[in-house]
Amino acid sequence: MPKFTIDGKTLEVAPGTRVLEAALKHGIHIPHFCFHPALSAPANCRMCLVDVGLPKMKPDRTPELDAAGKPVIAMLPKLQTSCSTVVSEGMVVDTQGPRVKQGQHSVLEFILINHPLDCPICDKAGECMLQDNYFGWSREDSRIEPPDKIRKHKIVDLGPKIVLDTERCILCTRCIRFYDEVTKAPSLGIVNRGTFSELQVMPGRELNGTYDYNIVDICPVGALTSRDFRFRKRVWFLKKTAAICTHCATGCNMTVEEDEGRLWRQTPRLNPAVNGFWMCDAGRSAYHHTLDARRLTQPMRRGAGGTLEPASWNEALAFAAQKLRESGAGVAGFVSNRSTNEELFAFERLFAQALRGAPVASLETEVGILPLPPADGLLIRPDHNPNSRGVREIAASAGAWTGAEDLLSACAEKRIRTLLVMDPDLVGRSPNPAAAEHALASVENLIVIASHPSAATALAHVVLPGAAAQEKDGTYTRFDGRVQRSRAAIPPPGHARTELEILLGLAKMLGADFGWTSPRAAFTSLAQASKFFAGLTYDLIGPLGAVPAAAVAEQPASLV
Amino acid sequence: MPTAVASPPVVFSEAALAKFRVLLTHYPEKHRRAALIPTLRLAQREFGCVSNEVIEYVAGLLGLAPVQVHEVVGFYTLFHREPPGKYHLQVCTNVSCMLNGSQKIVDHVCRRLGIRPDQKTADGKFSLETVECLASCGTAPVMMVNDTYCENLTTDAVDRILDDPERAGELWIPNEANYIRRWKTEDTLIVTRRFNNPDPVSLALYERDGGNAAWRKVLEEMKPDEVTEVVKQSGLVGRGGAGFSAGLKWSFIDRKSKEPHYLTVNADEGEPGTFKDRYLMEQDPHMFLEGASICSYAIGAHTAYVYIRGEFGKAQEIVQKAIDARTAAGLLGKNILGSGFDLDIHVHTGAGAYICGEETGLLESLEGKRGQPRSKPPFPAVIGLFQGPTIINNVETLANVPDIIVKGAAWFASIGVPKNTGTRMLTVSGHVMKPGYYELPLGIPLRTLIYDVCGGLRPGRQLAAVIPGGASSGWLLPSEIDVPMDFNSLRAAGSMAGSGAVMVIDDSVCLLKVLLRIEEFFQDESCGQCTPCREGTGWLARVLHKIEHGEGTKADIDLAFSIANNMAGITICVLSDAAAMPMQAVIKKFRPVLEAHVEHRGCPQTH
Ligand SMILES: Cc1cc2nc3c(=O)[nH]c(=O)nc-3n(C[C@H](O)[C@H](O)[C@H](O)COP(=O)(O)O)c2cc1C
Ligand code: SF4
Ligand code: SF4
Ligand code: SF4
Ligand code: FES
């Protein structure tokens with residue numbers, strides 16, 4: 001492992017490490033633009049210049065020593081780009097000297113001469129690398145008069161999702177490399193050359209892929225903007241919460257961004273073992289489903305006239321509890337692979353402790369709740385649900401659940417009188433929707449916990465409005481067993497409540513006490529009850545999730 | 001009602017497809033993309049231009065994403081996105097032609113045709129473009145009519161050509177003084193020895209003049225390392241610009257690499273003022289091909305490419321014919337002359353980009369990409385073409401090799417000056433009586449070159465400045481012309497020998513105009529990847545333009561100097577330094593010229 005010295009600090013790094021990577025890892029910030037840790041390093045922006053010295057070698061390939069016995073260092077005649085310089089034994093790097101500062105000043109000035117400086121209307125303002133680098137490394141007045149700037153195209157339509165401002169573009173090629181190297185579907189390129197260089201798509205084509213929004217994130221400036229976010233919100237108003245995407249079994253780590261209880265944006269959150277720096281566009285945009293105006297926000301009960309009417313939580317829960325209690329052996333429940341581990345565990349406990357072990361089933365379906373592009377070997381998986389693995393593991397520790405088809409037949413045959421459903425769309429997601437609908441219609445008391453209306457809520461006798469993923473705390477078990485935690489960014493709308501609260505409310509009315517109420521405590525209890533989750537706690541899970549001992553062997557290689 | 005005319009489908013004819021298939025055989029199966037630029041050229045000939053449909057079609061042929069083809073098309077100036085006129089006129093306006101009145105030629109063409117540059121006549125017969133150096137500076141001003149060179153132009157000649165463009169090549173009057181080569185009769189000639197022979201392609205003539213003796217000797221008697229050693233001992237340094245020892249470079253080839261080794265001959269000659277490689281290829285293709293064969297043997301390459309500048313249609317044809325002749329004679333191909341050594345040489349054509357003369361820009365271009373130079377390390381001798389160890393040498397460098405092998409390293413080292421041995425082609429243009437190419441021993445004083453070899457200045461004119469090594473070199477004052485014309489001496493004088501292009505400027509022109517033209521050249525030719533070069537070349541050109549047009553201040557002069565200083569030494573290749581160097585030299589040595597423009601609020605020579 002080569003050792004080198006940077007600003008007087010000696011560091012040991014893995015062979016092949018580049019100076020910039022080593023510096024960033026050890027808290028030495030070298031300004032840069034084109035370098036991105038997940039992409040190749042073209043060294044084109046020239047921002048990350050440093051002074052590099054190498055030990056002088058004698059003809060026998062051993063370092064020459066000075067009078068004090070220290071290796072003699074020969075500084076290279078030119079500044080080097082730290083993003084492309086591989087650390088070698090005995091290398092000396094200076095990131096602060098006057099020559100380095102001069103180089104950084106020059107490069108920043110060159111970047112800024114043709115930059116429009118329209119920060120006041122730029123969506124990137126506040127998270128722009130050019131603003132940050134200017135503030136940190138230059139702060140000089142411009143030596144070019146605005147009329148001398150080269151004008152390019154301000155609004156270039158790159159397709160339904162992305163808008164390009166070629167005046168802001170600093171031609172770092174990050175976006176080009178994203179397609180070339182990550183999705184392997186080259187989509188962007190630079191035409192012309194020199195001062196007239198411009199980023200373009202193939203004329204007559206557009207960006208309409210599965211991962212396009214990622215280029216907005218990695219654009220170091222405000223050249224690429226998302227149609228979904230452009231001009232909507234200044235970024236410094238946004239409050240950020242670490243969450244998990246629930247639209248496929250990958251479970252991309254993401255940041256949910258919100259202001260005053262309203263969701264504005266979701267962006268990928270780095271997790272080398274799960275999604276790297278990226279997430280798919282469908283998952284990113286899925287917050288619109290949470291914003292859906294048709295959300296269920298009010299408990300409802302079927303009234304005398306046969307229509308659903310608003311009810312108080314007390315009425316609704318009391319009615320549901322009464323029917324569950326009354327129905328004796330005619331009680332059953334449906335959970336789903338869209339719920340958190342804690343919700344599944346609470347449901348399981350409710351049925352085991354308060355309902356005499358009445359049968360619980362779950363659809364074994366890969367159908368989610370939003371349309372998603374097909375699995376692609378990159379991030380999107382065929383299973384469009386976040387917690388199929390969690391269902392399997394919790395069912396296993398509870399001693400296998402009933403098959404979904406058997407339970408639906410039992411409903412159709414009226415052997416089930418009261419059914420508690422915690423699936424967002426039991427009819428639509430089942431392999432035979434007509435049969436499922438008939439089954440639900442045959443039940444005397446259909447109680448549905450859901451955040452959005454569905455065929456099941458239309459048939460329900462009681463509707464208990466639940467929360468969307470961004471509105472609740474909990475964990476999901478990824479396909480490979482990794483347990484990941486998602487946090488509530490906003491409260492559920494209107495009178496809606498989290499599923500955990502709803503299940504605890506029912507348990508209370510049915511006289512059961514699980515000994516815990518919070519998601520954190522629920523998980524601790526789950527880890528005691530289940531061999532699979534044994535040993536894990538919320539503290540251990542942390543921001544990047546944790547792999548239970550039982551699943552270590554299944555882990556894929558790191559993505560980054 | 002007008003009916004829509006269906007445009008013909010974009011599909012290659014059988015003949016074009018056959019050519020395309022041959023092209024594919026020139027490159028490794030894994031690197032088919034390398035055929036992109038030649039295929040686009042084929043497509044442009046077939047379809048008249050490179051439209052979006054053509055891009056999609058070519059992308060499909062080579063299994064590329066359309067945008068990968070689009071960005072390549074957008075890099076090279078020889079690709080037309082729309083059909084040009086039946087006769088496409090390209091008038092060079094770079095320094096040497098400018099010094100010899102190219103603006104008059106452009107104005108005349110515009111007046112005659114009623115169009116401006118980048119326009120087409122209404123009948124579609126003519127289109128006009130002003131272009132960068134066409135490597136014919138000794139016979140400036142120069143224009144190309146499609147692929148035909150028209151030199152020593154006058155407005156009369158232009159009239160004749162426009163009246164009968166089909167015969168363009170015969171309608172201008174060559175000036176014999178431009179093709180002298182020799183100063184004193186006893187001078188040794190190496191690379192131009194066989195110039196003016198009646199049939200440059202003929203192998204029989206070449207062998208009658210002693211050709212191929214070196215190639216036979218190498219194959220029969222020498223080990224690869226011995227060849228490299230002889231070349232090293234000869235003191236031969238590269239003639240492409242950097243002046244690096246050829247033998248030493250060959251010895252760097254990574255012998256451990258499992259990837260195939262390559263030789264790439266740099267025949268992209270584009271440095272303004274340089275016109276040697278084009279003539280070397282047209283006049284005696286066998287000599288450099290023999291040198292290339294010997295180099296391939298020394299470095300263990302079984303494939304070599306000659307990357308020829310796109311504009312050099314005639315050279316491409318002649319070199320290809322010479323390769324065919326050599327292959328037919330068993331001097332190339334499998335088991336050459338029974339030695340067991342295999343070698344194929346392919347011609348690869350560029351498409352208009354000065355930066356592809358930079359060796360790693362050339363490799364990218366050869367791989368079918370935008371010609372953007374690579375970061376070094378790794379150097380091409382370790383990871384070069386198609387990831388294999390690669391040596392890149394200039395045409396003239398390689399043309400010296402056969403004589404070195406036959407006559408010995410010591411013979412070669414006895415010519416020229418110590419450490420800069422042999423002869424060199426110096427191409428002199430601008431304001432001298434006898435511009436042209438000369439093969440002279442390295443180290444001849446610049447004063448001798450201008451006043452004795454080239455017949456001095458025009459009557460009544462004073463020397464104003466000399467650009468001694470191509471547009472990239474620092475300018476010299478009239479008081480500095482006693483410098484010997486070799487790499488080391490010119491470096492010591494704060495300039496460089498570069499490509500051997502000497503441009504002589506007398507007091508009849510505005511030096512700032514010349515400088516501005518050079519900086520505009522670099523602005524157009526910067527590949528654009530490095531921030532300082534992309535932005536700096538453009539900024540410099542704009543500031544100089546302001547000063548030239550009387551809108552500049554004294555502060556703008558300092559600004560230009562500081563821009564140039566800031567551009568130097570911090571980019572991927574040295575084009576940025578090349579753009580800075582003339583600017584820095586002019587401000588240091590010719591500052592009064594700039595100040596006069598500020599004081600006169602414009603050019604004092606035209607006011
Ligand atoms: C901007 C630029 C343009 C160049 N153009 C040429 C050229 O047209 N022909 C050439 O032989 N070398 C050119 N060179 C030099 C090559 O990079 C390289 O040094 C040379 O081809 C090596 O061959 P040699 O050692 O035989 O000279 C250029 C270099 C730069 C930086
Ligand atoms: S759009 Fe952004 S990411 Fe793409 S090249 Fe320009 S600055 Fe870089
Ligand atoms: S790949 Fe899956 S988990 Fe990741 S963002 Fe898309 S839908 Fe969500
Ligand atoms: S210095 Fe200029 S020409 Fe060279 S790589 Fe950088 S941008 Fe391209
Ligand atoms: S980050 Fe190193 S050159 Fe751009």
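Bear in mind the structure is a predicted one, so any value in this text is a computation, not a measurement. Protein chains get the first letters and strands the later ones, always in sequence-line order, with residue 1 at the start of each.
- A/His153 NE2: 12 or fewer foreign heavy atoms inside a 6.0 Å radius.
- For A/Val107, the parts lying under 4.5 angstrom from a heavy atom of chain B are both the backbone and the side chain.
- For a residue to count as touching a neighbouring chain, one of its non-hydrogen atoms must lie under 4.5 Å from one of that chain's; by this rule B/Ile563 touches chain A with backbone and side chain alike.
- Contact tally against chain A (heavy-atom pairs below 4.5 Å) for B/Glu56, B/Gln372, B/Arg370, B/Lys546: the top residue is B/Arg370.
- Applying the 6.0 Å contact sphere to CD of B/Gln387 captures no more than 12 heavy atoms from other residues, nucleotides or ligands.
- Contacts between A/Gln80 and chain B at a heavy-atom distance below 4.5 Å are absent for every atom of the residue.
- Closest approach of B/His70 to A/Val201, counting heavy atoms only: CD2-O, 3.7 Å.
- In this structure, A/Arg193 contributes its side chain and B/Gly74 its backbone to no donor-acceptor pair below 3.5 Å.
- Of the residues considered (A/Thr81, A/Leu79, A/Leu188), A/Leu188 shows the highest number of contacts with chain B, using heavy-atom pairs under 4.5 Å.
- Scanning residues 352-364 of chain B against chain A with a 4.5 Å heavy-atom cutoff picks out B/Gly352, B/Ala353, ordered by number.
- The minimum heavy-atom distance linking B/Arg81 with A/Pro203 is given by the pair NH2-CG, 3.8 Å.
- Within the 4.5 angstrom heavy-atom criterion, no atom of B/Arg374 approaches chain A.
- Side-chain contact between B/Ile572 and A/Arg46 is present, with at least one heavy-atom pair separated by less than 4.5 Å.
- Contact residues of residues 525-537 of chain B toward chain A are B/Glu525, B/Ser526, B/Cys527, B/Gly528, B/Gln529, B/Cys530, B/Thr531, B/Pro532, B/Arg534, B/Glu535, B/Gly536, B/Thr537 (heavy-atom distance under 4.5 Å).
- Nearest heavy-atom pair, A/Ser106 versus B/Asn566, reported as atom, atom and distance to 0.1 Å: OG-CG, 3.2 Å.
- If you measure heavy-atom distances from A/Ile190 to chain B, the contacts under 4.5 Å come from both the backbone and the side chain.
- Under the 4.5 Å side-chain criterion, counting only non-hydrogen atoms from C-beta, A/Phe196 is in contact with B/Asp524.
- Of the atoms belonging to A/Pro42, it is backbone heavy atoms, and not side-chain ones, that fall under 4.5 Å from chain B.
- A 4.5 Å side-chain heavy-atom check between B/Asn52 and A/Arg205 finds every atom pair outside the cut-off.
- For A/Ser197, the part lying near chain B is the side chain, with the backbone staying farther off; criterion is any non-hydrogen pair under 4.5 Å.
- Between A/Ile113 and B/Arg542 there is a side-chain heavy-atom pair separated by less than 4.5 Å.
- Heavy atoms from other residues, nucleotides or ligands lying under 6.0 Å from NZ of B/Lys376 number more than 12.
- To the nearest 0.5 Å, the span separating CZ on A/Phe110 from OG1 on B/Thr571 amounts to 10.0 Å.
- Residues A/Asn114 and B/Trp539 form no side-chain contact, since every pair of their non-hydrogen atoms from C-beta on lies 4.5 Å or further apart.
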